[in-house]
Asks: 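A single structure is presented below for examination.
Heads up: numbering here begins at 1 and tracks the sequence.
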Amino acid sequence: MNFRKEIERRRTFGIISHPDAGKTTLTEKLLLFGGAIQVAGAVKSNKIKKSATSDFMEIERQRGISVATSVMGFEYEGYKVNILDTPGHQDFAEDTYRTLTAVDSVIIVIDAAKGVEAQTRKLMEVCRMRKTPVIVFINKMDRPALDPFDLLDEVENELEIEVCPLSWPIGSGRSFKGLYNIFEQKLNLFTSGDSHRSPENIEIAGILSGQADKYFPQQAQTLKEELELASAGYPAFDHGRYLDAGLAPVFFGSALNNFGVRELLGCFLDIAPYPGSTEAKERTVSSGEKSFTGFVFKIHANMDPNHRDRLAFLKISSGVFERNKSYLHSRSGRNMKFSNPTAFMAEKKSVVDKAFPGDIVGLHDTGTFKIGDTLTEGEMINFKGIPSFSPEFFRYVENSDPLKSKQLAKGLNHLMDEGVAQMFVNQANGRKIIGTVGPLQFDVIQFRLLHEYGASCRFEPLQLYKACWMECPDKTQLEDFKMRKLHNMAHDKWGRDVFLAESPHSLDMARERFPGIKFHLISDFAD
Ligand code: G4P
């Protein structure tokens with residue numbers, strides 16, 4: 001197969017959702033379609049259990065498993081599909097955001113009874129910023145659900161994207177009768193409790209033909225009215241607008257019952273983008289360029305403390321990656337070769353000789369890589385768009401074993417490179433502050449410092465709202481602000497100034513009093 005075809009048949013995407021909306025169930029159904037797993041439950045049993053937050057050995061064990069499930073590739077009808085896992089539970093970390101820098105599109109799963117929830121909103125911010133095309137799957141229609149119009153309004157308002165329904169539910173919960181496929185004008189009847197049988201596909205020529213009355217006489221009229229309202233109220237599907245991240249197609253269904261999933265997958269493969277171009281500081285790199293480039297978006301430490309090696313996840317942006325070929329590591333200027341790069345097919349890893357744009361390879365790393373590092377065939381390229389986001393939880397970190405301060409510093413640096421959390425240094429007192437996006441990260445950090453680096457630390461409470469990166473052409477105003485707010489000023493890992501706002505109010509006040517300063521909740525505003 002030629003290079004161009006290899007690129008065009010690739011779909012690299014992430015599934016995002018709030019915990020419990022059904023991401024794991026949907027992933028599993030997609031893998032079943034792709035023949036990547038044989039039995040239902042294979043992914044599920046690997047899932048990080050919600051109850052395990054205080055069991056650290058369990059965290060470690062599950063971290064090991066999540067290496068295997070963090071990229072799942074499979075072949076389906078001529079397409080090479082790569083699903084990148086975006087951890088969504090208490091293990092939600094910087095890592096989750098960063099994974100979104102490596103996807104070409106996203107499927108958002110929403111619980112039909114709950115609507116848009118907090119974590120989905122946060123992840124959508126990243127998609128919006130990166131202009132990632134999204135498809136929405138409204139799940140659990142077999143349960144009592146919110147009204148479809150209300151759900152669509154909520155998606156539109158909360159996720160700030162125009163929607164266009166491509167399927168329409170007929171009732172929900174006990175009265176759920178199935179879906180009307182707007183795109184193909186077909187009816188899919190729902191037979192509950194039969195998750196392995198394909199739904200009956202009833203073809204009807206337009207909804208007004210009267211056939212709907214035969215199958216669900218009580219709801220047929222409502223369906224007709226709702227479809228009329230929907231076609232008047234929502235724009236028609238426009239592929240270009242979807243690719244520009246201006247329009248989100250919406251599907252309804254039930255992942256658990258495997259209902260509406262095939263339609264979702266079919267449409268996704270049809271319309272989702274193949275790997276396109278990647279913005280570098282120096283220039284835009286197109287996937288079709290012959291010369292190989294790629295970037296590291298995730299680093300995973302080995303769970304075995306006796307082998308401190310790590311696995312770096314590299315997304316290929318252009319060209320063909322080859323085993324044992326020498327590549328330039330842009331940040332250090334050194335050449336590197338990889339004898340055992342791994343590919344991820346389903347839950348398995350295997351050594352790969354060649355990989356194409358859109359693919360993810362795992363590279364064995366002894367501590368060289370940092371997130372965002374670029375590999376090339378010799379050109380100095382640094383990909384951008386891998387920013388840091390303001391953490392949500394902050395604590396001071398203190399050494400509790402004076403004899404192990406070196407180990408602590410080293411361990412903290414490594415963990416920050418992995419993207420477990422962010423570290424800031426207070427400009428007034430020099431104390432180190434750890435910021436995370438999920439509270440579990442503090443326990444993970446403490447546990448891993450002890451077990452992997454022999455260092456022990458304690459955390460001290462710190463009430464902060466957000467970390468803000470600053471932009472101000474007026475140096476005098478900036479210096480004035482920094483002097484007044486010295487106790488709330490810190491440096492990030494790159495030495496940039498960061499204002500640590502204590503509350504939404506204090507951030508508003510700062511914005512009001514210092515109109516010349518822009519406060520950003522994302523680090524690479526200026527890039
Ligand atoms: P997550 O990865 O987004 O956290 O969600 P997950 O797939 O684990 O689904 C959360 C719960 O919702 C699971 O139930 C799952 O079986 C259920 N679920 C997913 N899709 C549907 C659906 O379409 N309809 C219904 N009724 N339920 C659905 P659980 O009880 O938490 O787990 P389990 O005991 O079933 O494994």
Asks: Looking at F13, is its backbone amide N or carbonyl O close enough to the side chain of S105 to form a donor-acceptor pair, meaning the two atoms are under 3.5 Å apart?
Replies: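 Flag not set: sc S105 to bb F13 has no pair under 3.5 Å.
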Asks: So which heavy atom on G253 is nearest to which on L179, and how close?
Replies: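 Heavy atoms only, the tightest pair is CA-CD1, 4.2 Å.
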Asks: Within this structure, what is the CG-NZ distance for the pair L84 and K298, rounded to the nearest 0.5 Å?
Replies: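 It is 9.0 Å, given to the nearest 0.5 Å.
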Asks: Quick one: which residue pairs count as a salt bridge (charged side-chain N to carboxylate O under 4.0 Å, His left out) with a foot in residues 142-154, not counting sequence neighbours?
Replies: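 For residues 142-154: none.
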Asks: Would you say S390's side chain and L521's backbone share a donor-acceptor pair under 3.5 angstrom?
Replies: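 Absent.
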Asks: With rounding to the nearest 0.5 Å, note down the distance linking CG in L264 to CG in L166.
Replies: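 Reported value, rounded in 0.5 Å steps: 10.0 Å.
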Asks: Testing L152, I110, L151, V134 for side chain to side chain contact (heavy atoms under 4.5 Å, CB included) with V250, which one passes?
Replies: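 Answer after filtering L152, I110, L151, V134: L152.
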Asks: Nearest 0.5 angstrom please: T436 OG1 to Q441 CD, how far?
Replies: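 T436 OG1 to Q441 CD: 6.0 Å, rounded to 0.5 Å.
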Asks: Tell me if the centroids of the rings in F292 and F321 come within less than 6.0 Å of each other.
Replies: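 Here the rings of F321 and F292 have centres that are less than 6.0 Å from each other.
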Asks: With ring centroids as reference points, do W168 and F149 lie under 6.0 angstrom apart?
Replies: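 Between W168 and F149, the centre distance is under 6.0 Å.
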Asks: Just by modelled atom types, is the Q185 backbone N or O under 3.5 Å from a matching donor or acceptor in the N181 side chain?
Replies: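 Checking the backbone N and O of Q185 against the side chain of N181, no donor-acceptor pair under 3.5 Å is found.
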Asks: Is the side chain of T120 donor-acceptor paired with the backbone N or O of V116 at a distance under 3.5 Å, no angle test?
Replies: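 No: the side chain of T120 does not pair with the backbone of V116.
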Asks: Does the ring center of Y465 lie less than 6.0 Å from the ring center of F394?
Replies: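 Judged by ring-centre distance (under 6.0 Å), Y465 and F394 do not meet the cut-off.
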Asks: Would a distance-only check, ignoring hydrogens and angles, find a side-chain to backbone donor-acceptor pair under 3.5 Å from S287 to P357?
Replies: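 The answer is no, because no donor-acceptor pair under 3.5 Å joins these two groups.
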Asks: So, the side chain of N257 versus the backbone of S254: is there a donor-acceptor pair under 3.5 Å, distance only?
Replies: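 Here the side-chain-to-backbone pair does not exist.
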Asks: Is it true that D359 and N82 share a donor-acceptor pair across their side chains at a distance under 3.5 Å?
Replies: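 A pair is found: one side chain offers a donor N or O, the other an acceptor, under 3.5 Å apart.
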Asks: Please determine whether side-chain contact (heavy atoms from CB on, under 4.5 Å) holds for the pair M129 and I522, giving the CA-CA distance in whole Å, both sets of side-chain angles, and the decisive distance to 0.1 Å.
Replies: CA-CA 10 Å; M129 193 182 82; I522 296 169; 3.1 Å; yes
Asks: Going through the distances and angles, do D85 and V71 end up as a side-chain contact (heavy atoms from CB on, under 4.5 Å)?
Replies: CA-CA 6 Å; D85 188 34; V71 179; over 6 Å; no
Asks: Give, for atom CZ of F268 and atom CD1 of I135, the distance between the pair rounded to the nearest 0.5 Å.
Replies: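 The distance works out to 6.5 Å.
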Asks: Applying salt bridge (charged side-chain N to carboxylate O under 4.0 Å, His left out) as the test, list every pair that has at least one member in residues 100-109; sequence neighbours left out.
Replies: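 Passing the test, one end in residues 100-109: D104-K315.
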Asks: Assess whether a salt bridge exists between R130 and E125, defined as any Lys/Arg side-chain N lying under 4.0 Å from an Asp/Glu carboxylate O.
Replies: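 The answer is no: the pair does not qualify as a salt bridge.
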Asks: Side chains of S318 and T293: donor-acceptor distance under 3.5 Å anywhere?
Replies: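 A pair is found: one side chain offers a donor N or O, the other an acceptor, under 3.5 Å apart.
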Asks: Parallel, tilted or perpendicular, judged at 30° and 60°: which one describes the rings of F190 and F259?
Replies: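 F190 vs F259 ring planes: perpendicular.
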Asks: With the threshold set at 4.0 Å, does a side-chain nitrogen-carboxylate oxygen contact exist between E158 and R121?
Replies: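 Yes, this pair counts.
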Asks: Treating S277 as the side-chain partner and S286 as the backbone partner, does any N or O pair qualify as donor plus acceptor under 3.5 Å?
Replies: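 Checking the backbone N and O of S286 against the side chain of S277, no donor-acceptor pair under 3.5 Å is found.
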Asks: Who passes side chain to side chain contact (heavy atoms under 4.5 Å, CB included) against S330, sequence neighbours left out?
Replies: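 S330 satisfies side chain to side chain contact (heavy atoms under 4.5 Å, CB included) with T374, T376, M380, N382 once adjacent residues are dropped.
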Asks: State which residues pass ring-ring contact (aromatic ring centres under 6.0 Å, His included) with F356; sequence neighbours excluded, sorted by chain then number.
Replies: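 Not a single residue meets the ring-ring contact (aromatic ring centres under 6.0 Å, His included) criterion with F356.
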Asks: Under the criterion ring-ring contact (aromatic ring centres under 6.0 Å, His included), I'd like the reasoning laid out for W469 against F389: C-alpha separation, chi angles, the key distance, then a yes or no.
Replies: CA-CA 10 Å; W469 286 267; F389 299 85; 8.7 Å; no
Asks: Between E6 and K354, does any side-chain N to carboxylate O distance fall below 4.0 Å?
Replies: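 K354 and E6: not salt-bridged.
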Asks: For the NZ atom of K518 and the SG atom of C472, what is their distance to the nearest 0.5 Å?
Replies: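 Rounded to the nearest 0.5 Å, the NZ-SG separation comes to 10.0 Å.
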Asks: Which residue in the set R9, R10, K80, R11 passes salt bridge (Lys or Arg N to Asp or Glu O under 4.0 Å) when paired with E75?
Replies: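 In the set R9, R10, K80, R11, the residue that makes a salt bridge (Lys or Arg N to Asp or Glu O under 4.0 Å) with E75 is R9.
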Asks: What distance do I107 atom CD1 and L30 atom CG have between them, rounded to the nearest 0.5 Å?
Replies: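 I107 atom CD1 to L30 atom CG measures 6.0 Å (nearest 0.5 Å).
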Asks: Does a side-chain N-to-carboxylate-O contact under 4.0 Å join R283 and E289?
Replies: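 Yes, this pair counts.
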Asks: Please report the C-alpha distance between L507 and F519 in whole Å, then the side-chain angles of each, then the deciding distance to 0.1 Å, and finally whether the side-chain contact (heavy atoms from CB on, under 4.5 Å) criterion is met.
Replies: CA-CA 8 Å; L507 181 56; F519 296 91; 4.0 Å; yes
Asks: Under the rule for side chain to side chain contact (heavy atoms under 4.5 Å, CB included), what residues qualify as partners of N2, not counting sequence neighbours?
Replies: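 Result, side chain to side chain contact (heavy atoms under 4.5 Å, CB included) vs N2: R4, K5.
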Asks: Backbone N or O of M470 within a donor-acceptor pair of the H520 side chain at under 3.5 Å?
Replies: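 Answer holds: no.
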Asks: Does the side-chain contact (heavy atoms from CB on, under 4.5 Å) test come out yes or no for I299 and F313, once each step is laid out?
Replies: CA-CA 6 Å; I299 294 172; F313 290 74; over 6 Å; no
Asks: Please tabulate, for side-chain N and O atoms in residues 235-246, each donor-acceptor pair with protein atoms closer than 3.5 Å (sequence neighbours left out).
Replies:
residue	atom	partner	partner atom	Å
D238	OD1	G240	N	3.0
D238	OD1	R241	N	3.1
H239	NE2	I271	O	2.8
R241	NH2	E162	OE1	2.7
R241	NH2	G246	O	3.4

